[in-house]
Amino acid sequence: MPVTSSPASSTSRTLPDRARVVIIGGGVIGCSIAYHLAHEGWTDVVLLERDQLTSGTTWHAAGLMTCFGSFSETSTAIRLYSRELYARLEAETGQATGFKPVGLIEAAADTDRLEEYRRVATFQRHLGLEVDEISPREMADLFPWARTDDLVAGFHVPGDGRVNPVDVTTALAKGARQLGVKILEGVSVEDVLVDGGSVTGVVVSTGSTNEKQTIEAEYVVNCAGMWARELGARNGLVIPNQAAEHYYLITDTIEGLDPNAPVFEDPASYGYYREEGGGMMVGLFEPQAAPWKVDGIPRDFSFGTIPPDWERMAPFLEKAMARVPVTLDAGVRTFFCGPESFTPDLAPAVGQAPGIRNYFVAAGMNSVGILSAGGLGRVMASWIVNGRPDVDVTGFNVDRFRPYQGDDGYRAARTTEILGTVYAAHTPGKQLRSARDVLLSPVHERLVEHGGLLREVSGWEGADWFAGRGETATAEPAWGKAPWFAQWEAEHRAVREGVGLMDMSFMAKFRVQGPDAAEVLDRVAAGDVTAETGMITYTQLLDEDGRIEGDLTVTKLADDDFWVVASDTAHGHTLAWLGRHIATTGADVSLTDVTEDYGQLNVQGPLSRDVLAKLTDADLSTEAFGFRTARWVDLAGARVLLVRITYLGELGYELYVPAADALAVYDAVLEAGEPHGMVPTGLKALASLRMEKGYRDFGHDIDNTDCPLEAGLGFALALDKPGGFVGRDAVLARKQANAEAGGMAQRLVQVRLLDPEPLLYHAEIVYRDGVEVGYVRAASYGWTLGSAVGLAMVAGGGVPVTPDWLKTGSWEVDVAGTRHPVEVSLRPMYDPTSARIKV
């Protein structure tokens, strides 16, 4: 085993009556949060471990400390911080971490992986990671035990390496104790106490008698690892991490194996390799995994192992060992199988739990807990102390999970596949196939009938594009242009030039009602959402620092009745954010999730009014039904909330239809649109149309670190609204500072390649006059504009980002190592005056 020291056992067993913060779980993430809270000055902290530190999964981790491979700025920063922390912890605490910067070699076995890794390498260099592309010959020189003749290339990260998981955890715990944190082993948390929607403490048991005691607390942090789901469920939380079998072997001593050899990874062979005690460790992330103890992790499981399934693992193990042939001839000293926990989307579950103030979660590390723990512990401590995260957590926040994801069947099915995605290629178009058909649109059968290429959209089935009635859509993942681009282009142009029908029933929909509904929404929404009945308003939700926490629309149906719509990915966060503010005010307001009660059908394009006019007696003229108008109307035999709004940049309408009527309305709209050339329109067209217009998408091109001014959303702020709104003072202060500085330090801009051939996806580096100034956050192909287009946050490096600064620079974007000229703009490149949507 890669364990060279025993867990610390000198911790105090005296239970306090209270603590400011109680951390549940003594794995590496719990100890890291304790350490960082102490460094924030919060030392009234108690960490409770049911057995010994590192028990569960930390103790048997492989100890990789590698940063390469992520398109996430947050993930990369977390890993870089962890690496730096583990390198200096011994000097601070006197406890070694076992960190050895021996380097990493990541093998690219095919052209798809080469394209991906080149893009990743370019992006991560921008974030400060040293990484170089090397040849197969150079790989063999650095790691001569691997067969490299059939590899395409490799990527060398000299600063990466390995650590000892137990030693890292012990060092973090020691550093925390040195600053005053109490760490108690042999103490089990039975329940988290909640009163009035806030944490009040924990109930614990100790010893063989399981004697119960309460510890009062202002904050509780659930770092219970594999047990986090069950503990959270006691308070109604959804933390759907699931344990799975994870394998590695350690060979007998191999003559000449250098203990300072780099870590070698070949994801295509499912394997990672490093020296361990004179032998070679061969670790696996197989494409078909096995969930473990779906119905619950045994309470007494601590330093245990799982009986290995040789028959299942043999093919994967043979392929992994064939990459390093010397392992085939060496004897096996250890064949290890132990549990690691995984979330349904391979992202951690962190943050403040929805519905319970000051209950925080840090779980679901997805087998990268060691290399993430240092940075994630810092993020969590800062979040707890300051009340908000200081990095983008839109993809990590625990409030993103929905109730169905906690079901045993769902977790079991998804876990069989999700473990393998750790080492899967991330070629565009790849998607998960397990645990599908969970949420179906009320018009789902029509999406299938018209040949929709279905993909998962936050648990829903949505159509990317349509092959045609009676046809079966097929698509192979690819980095370049594919045959189905023709269908995508046709649907895009149908909306631009005629009319399209798009199912967006997956959008999050809420009803906010009650005597105090207007007052609450007026306070939390940055826009003027309560002024006029029958009007939709695009607005943001901001935190106290004036950073974006939501991007949505609010429609005032009556003085005490509002219709709120957010994106599918922001469903849980929007629900939690609104619920938290309603609860803290004690307002007489009800918040109802009506997402599954209503279908959302979008009729968009210059001919959309002509189509809908056939189906309703309502006057849809601009004079009677202008832009942003919202009314209940009778349409195609159903009572429909008809809203004149667009996310695609054309005259258009959103139809909110009772689920029972949605299929009939869909059919009627499509029939009425047939003479106008209406076609079913998929989500690829949604992406390309909105990107041409520069419309934002929270969690993709804007996030919780952004100021709405920098994001180009100042127009949506009602800064002079009586009574203000959450975050207004911070925005006004920033606006004043920008004025004094002559402009903003960074801006979200539209970028468009001048060459029509290369494609943009995400994380491509942007250059001004040869200097890196930012990266593309989201992109698509602009069929009307004639090339790839995206949104990028660019910074002036001490110079204000002004229209003149943008105009005078020479601009390029790096696509997989090749720079291409681009144009940049603060205004939408398509219809910058929005004349087309207001006709």
Side-chain angles (χ1 to χ4, degrees), residues 387-388 510 512 514-566 574 577-578 580-582 584-585 587 589 626-630 643-646 694-696 698 702-748 800-803 826-828 832-835 837-838:
R388 64 184 68 89
F510 309 103
V512 182
D516 298 329
E519 181 180 350
V520 170
L521 287 174
D522 200 42
R523 176 66 181 156
V524 299
D528 190 1
V529 300
T530 65
E532 189 173 347
T533 301
M535 187 70 68
I536 187 172
T537 301
Y538 172 57
T539 187
Q540 284 72 48
L541 307 177
L542 307 182
D543 64 19
E544 292 288 354
D545 193 42
R547 306 290 176 179
I548 301 171
E549 290 287 351
D551 185 68
L552 41 79
T553 60
V554 178
T555 299
K556 183 178 181 181
L557 301 177
D559 289 340
D560 61 353
D561 190 1
F562 295 82
W563 185 270
V564 178
V565 178
T574 302
W577 190 264
L578 291 175
R580 192 173 299 143
H581 281 269
I582 290 171
T584 55
T585 62
V589 179
F627 180 61
R628 294 180 54 209
T629 298
V643 184
R644 183 176 165 185
I645 197 70
T646 183
Y695 287 142
R696 279 51 168 163
F698 184 66
I702 55 174
D703 61 56
N704 59 275
T705 67
D706 290 325
C707 166
L709 301 176
E710 297 169 342
L713 298 172
F715 70 90
L717 307 178
L719 293 172
D720 58 352
K721 183 168 62 173
F725 53 84
V726 175
R728 184 182 71 166
D729 291 347
V731 172
L732 287 173
R734 205 168 288 125
K735 185 176 182 180
Q736 178 63 31
N738 291 336
E740 294 172 357
M744 301 181 203
Q746 60 178 9
R747 299 290 300 273
L748 193 66
V801 178
T802 62
L826 287 170
R827 304 181 73 198
T833 65
S834 295
I837 70 177
K838 298 175 182 177

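- The shortest distance between side-chain heavy atoms of Val524 and Phe725 does not fall below 4.5 Å.
- Counting heavy atoms from C-beta outward, Arg388 and Asp545 have side chains that approach closer than 4.5 Å.
- Counting heavy atoms from C-beta outward, Val565 and Val554 have side chains that stay 4.5 Å or more apart.
- Under the 3.5 Å distance criterion, with hydrogens and angles disregarded, a donor-acceptor pair is assigned to the side chains of Gln540 and Asp551.
- A heavy-atom distance below 4.5 Å is found between the side chains of Thr574 and Leu552.
- Asp543 places none of its side-chain heavy atoms less than 4.5 Å from the side chain of Val726.
- Residues Thr537 and Arg628 have side chains that bring a donor and an acceptor to within less than 3.5 angstrom of each other.
- Salt bridge annotation for Asp706-Arg696: absent, with no cationic side-chain nitrogen under 4.0 angstrom from a carboxylate oxygen.
- The backbone N or O of Gly527 lies less than 3.5 Å from a partner atom in the side chain of Lys721, making a donor-acceptor pair.
- For the pair Tyr538 and Phe715, the minimum side-chain heavy-atom distance is below 4.5 Å.
- Here the shortest heavy-atom pairing between Pro800 and Ala741 reads CG-O, 3.3 Å.
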**Report entry** Derivation of the side chain to side chain contact (heavy atoms under 4.5 Å, CB included) call for Thr553 and Trp563
**Finding:** CA-CA 8 Å; Thr553 60; Trp563 185 270; over 6 Å; no

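- In terms of heavy atoms, Ile548 sits closest to Phe698 at O-CE1, 3.6 Å.
- Between Leu709 and Asn738, the closest side-chain pair of non-hydrogen atoms falls below 4.5 Å.
- Atom CE of Met744 and atom CD of Glu710 lie 7.0 Å apart (nearest 0.5 Å).
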